[in-house]
Structure formats: structure tokens, C-alpha cells
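Presented below is the structure to which this report refers.
Per chain, numbering begins at 1; letters A, B, ... match sequence-line order.
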Protein chains: 2
Amino acid sequence: MLRRMSKSSVSRLVPKVPSVPGASRRAAYSASTKRALIDVAEQLFTDHGYAAASLDQIVAGAQVTKGALYHHFSGKQALFEAVFERVESDASKAVKKALKGHRDDPWEKALAGLRAFLEVVQEPRYRRIVIQEGPAVLGYERYREQEERSTFANVLDIVKSVLTAGDWELDEAMQQTFARIFFGAMSSAGEAVSSSDDPIAAAVRVETAIGFILSGFQVLVENDVTLPNAFHEDDSATS
Amino acid sequence: MLRRMSKSSVSRLVPKVPSVPGASRRAAYSASTKRALIDVAEQLFTDHGYAAASLDQIVAGAQVTKGALYHHFSGKQALFEAVFERVESDASKAVKKALKGHRDDPWEKALAGLRAFLEVVQEPRYRRIVIQEGPAVLGYERYREQEERSTFANVLDIVKSVLTAGDWELDEAMQQTFARIFFGAMSSAGEAVSSSDDPIAAAVRVETAIGFILSGFQVLVENDVTLPNAFHEDDSATS
DNA sequence: GGCACTCACATACTGAAGGTACGTACTCAG
DNA sequence: CTGAGTACGTACCTTCAGTATGTGAGTGCC
């Protein structure tokens, strides 16, 4: 029973060795198995969800054993986190790419970002891994840390562009608040789009609605309407 | 070893028997244990999350055995769903209560609903069970069905009030879209509020931001600006 | 008022799945 | 060439959701 790497080395590892030429062969093999684990895990997590995807299935799909998995990851949750980061990273890149070339008109930039996000959110892996399972598996704290430096950063960027369009002086906290609101709006809208019977029509409706909201914003900005800072003073009129 | 109902019947069931006078004693006992299970499950799900809360802990807390649990519920998920429904129902009632007496001014109604929701969303049980774990445990489909007839219904009600304030003719789908967007915005904002270092200040910021967005709406409505229906016709200007 | 019947549980067990301890072949520096 | 460490594989343990089955207290019926 000593035919250890008979199948795996031939059918999976060998074709992917020249990924990083500078590194040693062992490191290349190691990186390859790690990628294979993440690949298979992403697929199974997307298809069946976190709880229903067993580690046995994952390691079988990657043609390794649990020993390999626990060598690369501290546990199932860490593996999920690796998958999560990659999906998030890809999504963030896609949105960021769509944002290029809109440095001049922040409103166009916002709409471009919205369209890109509505595309991303229709990917099953993003829906399942990031939106649906992310908060529960990672816990809201870690979930938020991850979002903070990827998709949410994009939204914050857009929001800042739009807000500064009217020469506004808003503190960081208030900008974050606006970004949170729009981020939540887009996530929810995105979910509605992707789970709709007619995603295209739903996406159009979302664009229309958010476009309208942005129009209201624009009108206020152009008319130099400031934020109702009265809220900051006291709570005099609590019914 | 035949002291079966020695502890349970004395310490827990007896004091709650006269809950439903008309029903038989057996039914009263049964309802009492079911409630106890839901109570304990709600607590443990809130404190430790769905996965980390074991059925053994739950039945121990309710002073029953797994036989009782599986008599009342088909499984762990069904128990969670019962908890979910109650938490959602309570939240919905709280918001609905705050909405009363604002039939005249839809804008005030919206703000009142917002404030009530921001209160609700700070309850740990709502955060954990509905927002954080709900989508993952129930699956997005069932999650949405539940929301549809409770909290989301409230938001839809508010949105319709606001939209019809300007004598608008919007189809149901478009109203639903607006409601989805605001619902997502409020959920996300609520999460930000409840996980903030200073929830009160965060709540004020959210109120300010959403109030501002509503102001933009109001301006558009009062100036008879219609929705950009051009989106519905074609996609002529896709960059 | 006795009696069968059923409901509302309790008890004991099973299988699956995440995690761990330890062994081993292969690689690479020297 | 050789010792050391890496990158796994193997076997086992533990926890936990779910199941099969038993049983006594209520309840309807006569």
C-alpha cells in the first residue's frame, strides 16, 4: 500500500508545476495543492452551501486527504475565508475596472459602478459565499473587515466622489454612513436582481430607482442644500 | 429509574398551565414545553450562533430531552425557523406600532418607521438571528418569504405612502424595487449602528443621511419630476 | 368508572463530519 | 551524501444531528 502519489502527481500536480519558475519545485507543488483545495471548496460551497459541503468531499475533489487540508488551513472556516477573499477580490477588481475613466463625472462614475456591481452580484459564487453565507460563517466582525477593504472600499470611493462634487465638507464618519447606506441598498437590490425571474428587467428597475435617488441628490447638491445639522444639536422634537 | 416527570412537571410546567383555559391540560403542557424550547433556543442561537448552539444544550436548558424536541419540530432548522418567525414578528409589530398615527404625513411616517427600525435592529437577537444567520440557515428563498410578510411589508407600506404622496403612477414591481433598496439600506445602516462604538451617534448619522435622501426625493416629487422612463425603452447608450 | 388508545414525551443508539496525533516519503541545503 | 524539515497520508477520536423504540399520563368512549 505504498503507492502514495501515484495518481495525484501524474494527473493534477505535474501540469501545473511551472506556475512560479523562481520558486522550488516543492513550493510549486504546495501552492498547486492549496489552489486546488480553494478551487474545489469554492465550487462546493457555492453549490451546496458551507454546512452541506463536507471536508471529505472537498479533499476528494482536490484528490488529496485531510492531512493536506489541515496542513494548509487551520480548519474549515479558514478554508472558507480563503475562498471568500478570492471571490471578494475578484468582485472588487471587476468593479474597480468599471470605475476607470470616470474621474471627471462622479455621477456617471456612480452609475458605472452600480452596473458593474449588478453584474457581479449575479454570479452564484458571490451571492452564496459573500452575501448569503459570509456573515454567518465568518461572523459579522470578520465579514465586515473583509468587505471594508474590497467592495465597500469601492462604494466609499464612489460616494466620496459624489459628495465632494458639491464642495461639501463632510466628516469621515458621515461619509462612511452614506457609503454604508448605499452599499446595503446595492447589496439588497443586487440580491433582488439575481433572484428575480427576469434579472435583466430587474436590473433595469434597480438602475432606474437608484438613478432617481441620485437625481434627488444632485438637485440638492446643485441648489446648495446642506445637511440638516439640527439633528446633531438635540432631540427636542421627540414625539 | 422511573421518576420521569419529577423535576420538569414541578419546576417548569405547573406554573404555566393556565395559559389556555379552554384547552385540555395535555395541550397546555405541550404548548408550554414548545414555548420553553423556543425560548431557550432563541437565547442560545443569539448568544452562540446557530452552528455552535447544540440541541443537547437547548433541550437541557428547557429541561426536556431530544424526544420532546423532535416531537414538536422536524429538526434543528425547523426550530430555528420558529425562533426566526417570532423575532421577526416582534420586530414587525414594534415598527408597525410606531407607524400608527402618521396617516397624514408620509414623510414623518417614514422617519418614524426608520427610528423604530433602528431601535429594533439594535436588539442582539434581531441582529444575530434575522440579519446575520437568517439567510444562511434558512436559505435565501425561505428567508425572503419570511421577510416579505413582516418587516419588508412595513417598508413597502412606507415606500408606497411616500411614492403616492406625489400622485405617482408606479407599477408594483417598481414600488417593490424602491422598497428593496430602502430595506437593504436600512438593514445595512442598522447593522452599522448596532456594531458601532457609539450607537446613538451612529443612529443620528443614519437618520441624518436617510433624511437627506428623503429630502432629495421630496424635492423631486414636489417639482413633478418623473422617473427616467427612458431606461425602459432601449439600451442605446451603453458605453 | 373502567379501559383501550393516543399523545407527549424519555432513552438508547447510529452515522456522519470536523478535528487531531502521528507516521512517512520526498525535497533541498550543506 | 546526509540530516532536517516540509508536505502531505492514515488512523482515530469526539461531537452532534437525527432515529428507533419504549412508556406513562390524559382522554374519549362505553
Side-chain angles (χ1 to χ4, degrees), chain A residues 1-10 12-14 16-17 20 22-37 41 44-45 48-81 137, chain B residues 1-10 12-14 16-17 20 22-37 41 44-45 48-81 137:
Chain A
M1 303 299 181
L2 293 182
R3 41 175 176 78
R4 274 183 64 238
M5 297 187 62
S6 57
K7 280 188 308 179
S8 56
S9 63
V10 172
R12 181 179 50 78
L13 293 177
V14 165
K16 287 198 176 180
V17 169
V20 183
S24 65
R25 287 170 55 188
R26 266 218 317 210
Y29 281 131
S30 175
S32 173
T33 50
K34 189 171 183 178
R35 271 206 48 181
L37 282 169
L44 290 177
F45 284 155
H48 312 304
Y50 177 78
S54 74
L55 294 185
D56 289 329
Q57 285 180 308
I58 292 173
V59 297
Q63 288 179 299
V64 291
T65 60
K66 292 169 78 169
L69 197 157
Y70 278 91
H71 175 74
H72 287 287
F73 304 97
S74 63
K76 192 181 184 183
Q77 185 169 334
L79 175 59
F80 179 86
E81 199 158 342
V137 176
Chain B
M1 305 298 182
L2 294 181
R3 41 174 176 77
R4 274 185 64 240
M5 295 188 63
S6 57
K7 281 188 307 181
S8 55
S9 63
V10 172
R12 183 178 48 79
L13 293 178
V14 165
K16 288 199 175 179
V17 169
V20 184
S24 65
R25 287 172 54 188
R26 267 221 316 218
Y29 283 130
S30 176
S32 173
T33 50
K34 188 171 183 178
R35 270 205 48 181
L37 282 169
L44 290 177
F45 285 154
H48 312 303
Y50 177 79
S54 73
L55 293 184
D56 289 330
Q57 283 179 310
I58 292 173
V59 297
Q63 288 179 300
V64 292
T65 61
K66 293 171 77 170
L69 196 156
Y70 279 91
H71 176 73
H72 287 287
F73 304 97
S74 63
K76 192 180 185 183
Q77 185 169 335
L79 175 59
F80 178 86
E81 199 158 344
V137 176

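- What separates OH of B:Tyr29 from P of D:dG24 is a distance of 18 Å, to the nearest Å.
- For the pair A:Lys76 and A:Phe45, the cation-pi test (distance below 6.0 Å, angle within 45°) is failed.
- Taking atom CG of B:Asp56 as the reference point, atom P of D:dT19 lies 15 Å away to the nearest angstrom.
- As a whole-Å value, the separation of A:Leu69 CG from D:dT6 C1' is 17 Å.
- Contact annotation: A:Ser30 side-chain N/O to D:dC8 OP1/OP2 distance is under 4.0 Å.
- Regarding B:Gln63, its CD atom lies at a distance of 17 Å from the C1' atom of C:dA8, rounded to whole Å.
- For B:His72, a side-chain nitrogen or oxygen approaches OP1 or OP2 of C:dC9 to under 4.0 Å.
- Residue A:Thr33 has no polar side-chain atom (N or O) positioned under 4.0 Å from OP1 or OP2 of D:dA7.
- How far CZ of B:Arg35 is from OG1 of B:Thr33: 11.5 Å, rounded to the nearest 0.5 Å.
- Taking the side chain of B:Thr65 as heavy atoms from C-beta on, and the options C:dA10, D:dC8, C:dC9, the nearest nucleotide is C:dA10.
- Distance, A:Leu44 CG to C:dA17 P: 12 Å, rounded to whole Å.
- Atom pair A:Leu79:CG and C:dA17:P shows a separation of 16 Å (rounding to whole Å applied).
- A cation-pi arrangement, defined by a distance under 6.0 Å to the six-membered ring centre and an angle within 45 degrees of its axis, is present between A:Lys34 and A:Phe73.
- Contact annotation for B:Ala53: backbone-only contact, meaning every heavy-atom pair under 4.0 Å involves sugar-phosphate atoms and none involves a base.
- For A:His71, taking side-chain heavy atoms from C-beta onward, the closest of the listed nucleotides D:dA17, D:dC8, C:dG18 is D:dC8.
- Between A:Lys66 atom NZ and D:dC8 atom P there is a gap of 17 Å when expressed in whole angstrom units.
- Spacing between atom OH of A:Tyr70 and atom P of D:dA7 amounts to 19 Å, rounded to whole angstrom units.
- Note on A:Ser54: only backbone sugar-phosphate atoms sit closer than 4.0 angstrom, heavy atoms only; bases stay farther off.
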Pair B:His48-B:Ser54, side-chain contact (heavy atoms from CB on, under 4.5 Å): steps then yes or no | CA-CA 10 Å; B:His48 312 303; B:Ser54 73; over 6 Å; no
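- In this structure, A:Leu69 and A:Leu37 approach most closely via the heavy-atom pair CA-CD1, 3.9 Å.
- A:Gly67 comes within 4.0 angstrom of a base, heavy atoms only.
- Relative to the side chain of A:Lys76, the nucleotides C:dA10, C:dG18, D:dA17 differ in distance, and C:dG18 lies closest.
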